[in-house]
Structure formats: structure tokens, C-alpha cells
> 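Pasting a structure below so you can have a look.
Treat the numbers as computed from the prediction; the structure is a model and nothing was measured. The figures here come from the full heavy-atom set of this structure, side chains too, leaving out hydrogens, waters and symmetry mates.
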Amino acid sequence: MSLKDEELIARAQKDDQRAIEEFVCRYHQKAYAIAYYMCSGDREEAQDLTQEAFLRALRNIKKFRGDSSFYTWFYRIVVNTCLDGRRRRRRWERIFSRAGEREERKKEVPEEQPDMGEASNPMDVLSGKQLTLEVRKALMTLPERQRIAFQLKVFQDMSIREIAQVMGSAEGTVKSQLFRAIHSLRTALKDWVGGQEEARI
């Protein structure tokens with residue numbers, strides 16, 4: 001089924017099962033990607049929240065009136081679902097604080113043993129998996145809305161206007177959040193960036 005979003009959603013609003021299935025197929029990968037980054041790489045939680053976001057969207061799809069593009073409307077649901085999921089998790093962690101802290105430590109930075117074959121070359125260690133872990137650690141130090149804005153811009157290639165619609169913020173606010181996020185990440189990763197710059201000289 002190769003329909004434009006407008007026609008696809010119009011059919012889904014009329015409970016067309018094929019249109020609903022196409023909607024899920026069309027948007028699942030990007031929705032999961034947003035959830036994955038917002039869950040700090042926890043695949044199981046990202047899958048659960050992606051499914052929850054689709055259920056929310058389908059329950060409310062008849063309310064969509066086209067005031068914004070459909071995908072920004074849907075991605076806003078995905079982002080809000082992930083934020084709600086994180087709030088729920090934090091509440092349970094407060095109730096079961098010790099167990100929650102152990103789980104949080106596991107999720108913060110996956111523990112990976114360095115490859116001894118790479119240990120002799122510092123640049124190899126800093127590239128690939130090591131750099132991915134450093135970037136993930138740096139992202140997790142950002143305030144929540146800065147991190148969301150950065151992830152939508154960099155990982156989803158959204159425009160400032162689209163991010164503002166998804167986050168329910170003014171475009172100027174999004175620009176400010178992105179500026180601060182980039183500044184913080186550059187500071188956090190300055191040793192790695194400096195090493196790369198020295199290597200190019």
C-alpha cells in the first residue's frame with residue numbers, strides 16, 4: 001500500500017485494518033529509534049514503550065485534525081510515552097531503592113571488557129565501542145529536554161520547527177537547548193576530540 005500519509009491516516013481513522021497495519025509498518029522503525037535512545041539503549045524497554053505509543057496513537061487517531069504534519073503529531077506521542085515510562089520507572093525505583101539503584105547502574109553504561117588485541121593501539125580503543133560508550137555517558141549527563149532535542153536533531157534528522165512541534169516548545173527554546181547540549185557534549189568529550197585533532201595535525 002503506497003499511500004501518502006494524509007490518505008493513509010484518513011483510512012486508519014475509518015478503522016481500515018490494512019491502513020492501520022501499514023501505519024505501524026511505516027513508522028515502527030523511527031518510533032523504536034526514538035524510544036531506544038530515550039531509554040539509554042535498553043532494548044526491551046524501548047520495545048515496550050514503542051508498542052505503548054502505537055496503542056496511544058491508534059486510540060487517539062480520530063482526534064488528529066491535520067493542524068501539524070502527522071509524523072510530528074505521532075512522534076510527540078512517542079516522546080511523551082517515553083517520558084511517562086521513565087517517570088513510572090523512577091517511582092518504582094524510589095519504592096525499591098536498592099534494587100532500583102542496581103538496575104540503574106546496569107543501564108547507565110554497559111560493562112564491556114576491552115579487546116586485548118586493541119589495547120596496544122589507543123586510537124582503536126577510543127574508536128568504535130569505546131567512543132559509543134563515551135558518547136552515551138555524555139548524553140546521559142544532559143538535562144532531559146536538552147537530550148531529547150539533541151537526539152531528535154541528530155538521530156532523527158528533524159528540523160528545529162519539527163522538534164518544537166514534537167516537544168511542544170518554542171523554536172527559540174529548542175535552539176537554546178541544542179546549543180547548550182552541544183556545548184556540554186563538546187566539553188565532556190574534549191579529550192577524545194582533542195586527540196582526534198592532534199592526530200590530524
> Quick check: do Lys153 and Asp157 have side-chain heavy atoms less than 4.5 Å from each other?
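No, every pair of side-chain atoms sits at 4.5 Å or beyond.
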
> Can you check whether Leu83 reaches Glu144 side chain to side chain, under 4.5 Å on heavy atoms?
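Counting from C-beta outward, Leu83 and Glu144 do come under 4.5 Å.
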
> Starting from Leu152, can I reach Val174 by hopping between I/L/V/M/F/W/Y residues whose side chains sit under 4.5 Å apart?
yes

> Do Ser169 and Arg145 have a side chain donor and acceptor closer than 3.5 Å?
yes

> Taking the six-membered ring for Trp and the full ring for Phe, Tyr or His, determine whether the centres of Tyr32 and Tyr27 are under 6.0 Å apart.
no

> Distance-only, no hydrogens or angles: does the Arg147 side chain make a donor-acceptor pair with backbone N or O of Leu142 under 3.5 Å?
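Side chain of Arg147 to backbone of Leu142: a pair is present.
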
> Atom CD1 in Ile34, atom CG in Leu49: separation rounded to 0.5 Å?
12.0 Å

> Before you tell me yes or no, could you show the steps for Tyr75 and Phe70 under ring pair (Phe, Tyr, Trp, His ring centres under 6.0 Å), namely the whole-Å CA-CA distance, both residues' side-chain angles and the distance that decides it to 0.1 Å?
CA-CA 9 Å; Tyr75 291 156; Phe70 177 75; 8.8 Å; no

> With a 4.5 Å limit on heavy-atom distance, are the side chains of Leu178 and Ile160 in contact?
yes

> Do Tyr36 and Arg43 touch side chain to side chain, with heavy atoms closer than 4.5 Å?
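Counting from C-beta outward, Tyr36 and Arg43 do come under 4.5 Å.
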
> Taking the six-membered ring for Trp and the single ring otherwise, decide whether the centroids of Phe74 and Phe23 are under 6.0 Å apart.
yes

> Report the C-alpha separation of Arg161 and Glu171 in whole Å, then their side-chain angles, then the decisive distance to 0.1 Å, and conclude whether the side chain to side chain contact (heavy atoms under 4.5 Å, CB included) test is met.
CA-CA 6 Å; Arg161 183 179 181 182; Glu171 291 183 28; 3.6 Å; yes

> Once rounded to the nearest 0.5 Å, what's the spacing between atom CZ of Arg56 and atom CD1 of Ile61?
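One finds 15.5 Å between CZ of Arg56 and CD1 of Ile61.
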
> Taking C-beta and beyond as the side chain, do Lys62 and Asp15 meet within less than 4.5 Å on heavy atoms?
yes

> With a 4.5 Å limit on heavy-atom distance, are the side chains of Arg76 and Met167 in contact?
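Sidechains of Met167 and Arg76: no contact.
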
> Looking at Lys63, is its backbone amide N or carbonyl O close enough to the side chain of Asn60 to form a donor-acceptor pair, meaning the two atoms are under 3.5 Å apart?
no

> Taking only residues two or more places apart in sequence or in another chain, which ones pass side-chain contact (heavy atoms from CB on, under 4.5 Å) with Ile182?
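Per chain and number, Ile182 pairs via side-chain contact (heavy atoms from CB on, under 4.5 Å) with Phe150, Arg186.
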
> Can you tell me how far apart OG1 (Thr50) and NE2 (His28) are? Round to the nearest 0.5 Å.
5.5 Å

> Taking the side chain from Glu6 and the backbone from Ser69, do they hold a donor-acceptor pair closer than 3.5 Å?
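Checking the backbone N and O of Ser69 against the side chain of Glu6, no donor-acceptor pair under 3.5 Å is found.
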
> Starting from the C-alpha separation in whole Å, work towards a yes-or-no answer on side chain to side chain contact (heavy atoms under 4.5 Å, CB included) for Asp48 and Glu52.
CA-CA 6 Å; Asp48 290 343; Glu52 184 178 340; over 6 Å; no

> With ring-ring contact (aromatic ring centres under 6.0 Å, His included) as the rule and sequence neighbours excluded, what pairs involving residues 154-178 come up?
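Every pair satisfying ring-ring contact (aromatic ring centres under 6.0 Å, His included) with a residue in residues 154-178: Tyr37-Phe155.
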
> Please indicate whether His183 has more than 12 foreign heavy atoms, meaning atoms of other residues, nucleotides or ligands, lying under 6.0 Å from its NE2.
no

> Salt bridge or not between Arg18 and Glu22? Use side-chain N to carboxylate O under 4.0 Å.
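Salt bridge absent between Arg18 and Glu22.
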
